[in-house]
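In what follows, a single structure is set out as structure tokens and then discussed.
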Protein chains: 2
Amino acid sequence: MPTSIVDVAKLAKVSISTVSRVINRSELVNQQTRARVESAITQLGYQPNAFARGLMLRRSDIVGLVLPDLHGEFYSEIIRGANIQARHLGYNLVVSSARDGDDSHSLLRAIQQRALLDGVAVMVSELTDRIAEVLAGFRLPYVVLDGEIDGTPHDSVVIDQRHGAVALMRHLVGPAGAKRIIFVGGLATNVDTIARLDAYRQVLAESGLPQAASDVYHLDYQYETAYRLAREHVRAWASAGCCVFAANDEMAAGIVAAASEAGLNVPRDLAVAGFDDTRVARMTRPPLTTVRVPMAKMGAQAMELLCHRIADPQRPRTQISLQPELVVRESCGTALRRAAGQPAHA
Amino acid sequence: MPTSIVDVAKLAKVSISTVSRVINRSELVNQQTRARVESAITQLGYQPNAFARGLMLRRSDIVGLVLPDLHGEFYSEIIRGANIQARHLGYNLVVSSARDGDDSHSLLRAIQQRALLDGVAVMVSELTDRIAEVLAGFRLPYVVLDGEIDGTPHDSVVIDQRHGAVALMRHLVGPAGAKRIIFVGGLATNVDTIARLDAYRQVLAESGLPQAASDVYHLDYQYETAYRLAREHVRAWASAGCCVFAANDEMAAGIVAAASEAGLNVPRDLAVAGFDDTRVARMTRPPLTTVRVPMAKMGAQAMELLCHRIADPQRPRTQISLQPELVVRESCGTALRRAAGQPAHA
DNA sequence: CAGTTCTTTGACATCGCTTTCAGTCCAGCA
DNA sequence: TGCTGGACTGAAAGCGATGTCAAAGAACTG
């Protein structure tokens, strides 16, 4: 029913080859013929069939971005960065997210079967064997976001979590003068949590601070959960001179809220640090000291890498590492010296 | 290079028709032949070419969801609902968002040109002529989300914004006992803002409260902006016995923060209501009285409608209206009687 | 046993496009 | 006048699937 290239050809009284040439801006078409064809195209409102085109060209100019989930500014920033870069490179971007739970592997499988995409950037939160397995046999060009997956080396762009977390921890033990630090993370299998916890332990070790297994909590990255946890412990933490290092801003915000409600002053009585520098970090009172993760940039870099891979499937795998940045706000005190008993900020 | 149906046919020593039959689970294939073909398929790791398939079938089983932006829980909830429903109906969902600004129209145009999708659900925040124009000439089945676009009637699922806003306003003038209400909205062209402002005016009128043009502010739905605005006015508002109706939770949170910092007690000194019931509503202290918008449901309904449209392009246009729900928390007082000078909550 | 039906299979047209490859036409040149 | 080459154009061969139709053989009927 929709108009095809032959309709255009008939109307313009040329062959389909010529129409095709006009569409693909080939230079070998006479000026007048071209005009005739173009007018026929607009007259019929013709648009090439993408399936037929893709069948010949073996590409769709569409790339995908697969995320474990879409909740949170974190992801939308990645998408934004990726989107802009993808268009810049001549691709259209589509986003898909695994439903609840870990069925990213089935989503990836579906994508691979459909194979209408030229390539895909995938981000996984939990590294399951099934995902690794799917990826290992993947036919489509792909890059991995923020997940160092061992075994097969992938094209990937990762955030140097350790670096950022170490900087934050050093800020805590240094300027903020923590005597003991509580770590509140996500699931123990979560790749981000693993990296941040690692840095936590390293800095504790290097600065001779106590390491107790009971100082490490594994929650779910949610405000509410952290809030409830903190409500129970916050007074104890404060009187023990603790700082809290939450693995994301939302949990940090929950902890700050619990502390405030318990009549504690943040940061004077309890310093709390977050991670990610999402919008909540500025919405919390006091604003959170946190680590800014270059999310938009990560998305953009992923697209760039992906396009290179698409262009040359044989090129060697590349790893890009992005540096996060410590953002000092007020939730851990500004140049606070707790030992001296000074107030947090004037 | 990748294996095609002929490779499978050769290996299994059958014709391509038979392979096709096996793939499409046609019943007319002999048990043994089927087994042979299936083994050939797995042996070669064969996967049908989606372009060729789409070319014949004229469908891809993929539907799209176009959003004006992806920031905010608002959108991710829609996506979640749409995603689940789409899969349920046998479709895969891809999401795309307009970049910054209002180039949804160009995105739509691109989608229409590619036309690899079976249909698309579009949500627009600002109703520009260009978008209406693109939609008017749209070839793909589509539904419109949360935007009553006049002129051509569309399949659409809308939130009955007025209804929710009226309920909230009545709560403000009734139980919360507001004498004067400040409206803080988004841009004056924003469809949501228009509906909410409308309800605001209606309830003011019906309850004989003062309507001053200077009580209406048009911001940008951001926390920061609302915070800055509130910092200037909050004391004046409080002493005038105002309530604030913010058109989304984030702005409401900013206003609450400004009020708290000015030493005001919310809700005793100033009641603040939000809209949307996003996560921030519960993260604010005190938690926000707001209006819950069934976002996930909206996404799901959109998918359902879209699938019906795809199945039957001739069916009459349908309008689905979803009812939002008033959520009373503490930011406007619980059964507060300001006239009696009672404290907000014990 | 001939005729009919059912089951199973393969040949081939088709979808709408891109891309050789082989003209056709005409100008330029010997 | 005949030849060469350049500028355009068209015919036709795929791309990789689906689906139609006919044929081959088995099974069933009278």
Side-chain angles (χ1 to χ4, degrees), chain A residues 1-41 44-62 90 110 112-118 139-140, chain B residues 1-41 44-62 112-118 139-140:
Chain A
M1 194 63 219
T3 61
S4 85
I5 198 171
V6 280
D7 302 317
V8 178
K10 271 183 196 144
L11 183 59
K13 301 197 189 307
V14 294
S15 73
I16 58 167
S17 325
T18 302
V19 178
S20 176
R21 284 188 194 104
V22 170
I23 293 168
N24 297 297
R25 349 205 131 283
S26 159
E27 294 307 317
L28 331 115
V29 176
N30 178 287
Q31 209 37 253
Q32 293 172 21
T33 323
R34 172 183 303 270
R36 236 176 38 247
V37 171
E38 273 166 356
S39 105
I41 288 177
L44 292 168
Y46 166 73
Q47 303 207 311
N49 178 309
F51 291 111
R53 199 156 214 260
L55 181 55
M56 277 304 293
L57 262 32
R58 319 195 137 287
R59 65 186 165 81
S60 62
D61 294 328
I62 301 178
Q112 140 120 296
Q113 274 172 22
R114 290 287 191 309
L116 289 168
L117 305 179
D118 291 348
R139 287 171 158 62
L140 246 49
Chain B
M1 194 61 219
T3 61
S4 84
I5 197 170
V6 280
D7 301 316
V8 177
K10 269 183 198 144
L11 183 59
K13 299 195 189 311
V14 294
S15 73
I16 58 168
S17 322
T18 302
V19 178
S20 176
R21 283 186 195 105
V22 170
I23 294 169
N24 299 296
R25 349 205 127 283
S26 159
E27 294 308 317
L28 331 116
V29 176
N30 178 288
Q31 207 40 252
Q32 292 173 23
T33 323
R34 171 183 303 271
R36 232 173 45 244
V37 172
E38 273 165 355
S39 105
I41 286 176
L44 292 169
Y46 165 74
Q47 303 208 309
N49 178 309
F51 291 112
R53 199 158 215 258
L55 181 55
M56 277 304 293
L57 262 32
R58 321 195 136 283
R59 64 185 165 82
S60 62
D61 295 329
I62 301 178
Q112 140 120 295
Q113 275 171 22
R114 290 288 190 308
L116 289 168
L117 305 178
D118 291 349
R139 287 171 160 61
L140 246 49

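Within every chain, numbering begins at 1; the chains are lettered A, B, ... in the order of the sequence lines, protein sequences first and strands thereafter.
Looking at heavy-atom distances under 4.0 Å, A:S4 makes contact with sugar-phosphate atoms alone, never a base. Counting any heavy atom pair closer than 4.0 Å across all strands shown, B:S17 reaches a base atom. Contacts of A:V29 with the nucleic acid, taken as non-hydrogen atoms under 4.0 Å apart, involve only primed sugar atoms and P, OP1 or OP2. Counting non-hydrogen atoms under 4.0 angstrom, B:I23 reaches nothing in the nucleic acid.
The nearest whole Å value for the distance from the CZ atom in A:F51 to the C1' atom in D:dG14 is 20 Å. Between the CD1 atom of A:I5 and the P atom of C:dT14 there is a distance of 18 Å, rounded to whole Å.
Residue B:R53 places none of its side-chain N or O atoms closer than 4.0 Å to OP1 or OP2 of D:dG16. Distances shown here put a side-chain N or O of B:T18 below 4.0 Å from the OP1 or OP2 atom of C:dG10. For the OP1/OP2 pair of C:dC15 and a distance below 4.0 Å, the side-chain nitrogens and oxygens of A:N49 include no atom meeting the criterion. In this structure, A:R58 reaches the D:dG16 phosphate: one of its side-chain N or O atoms is under 4.0 Å from OP1 or OP2.
The backbone N or O of A:L116 lies less than 3.5 Å from a partner atom in the side chain of A:S60, making a donor-acceptor pair.
Between A:R53 and A:N24, the side chains place a donor N or O and an acceptor N or O closer than 3.5 Å (distance only, hydrogens not considered).
Considering all non-hydrogen atoms of both residues, B:V22 and B:E38 come closest at CG1-CG, 3.9 Å.
Place B:I16 and B:A52 on DNA chain C by their nearest nucleotides, and B:I16 ends up nearer the 5' end. Heavy-atom distances to DNA chain C give each of B:R21 and A:N24 a nearest nucleotide, and the one nearer the 5′ end belongs to B:R21.
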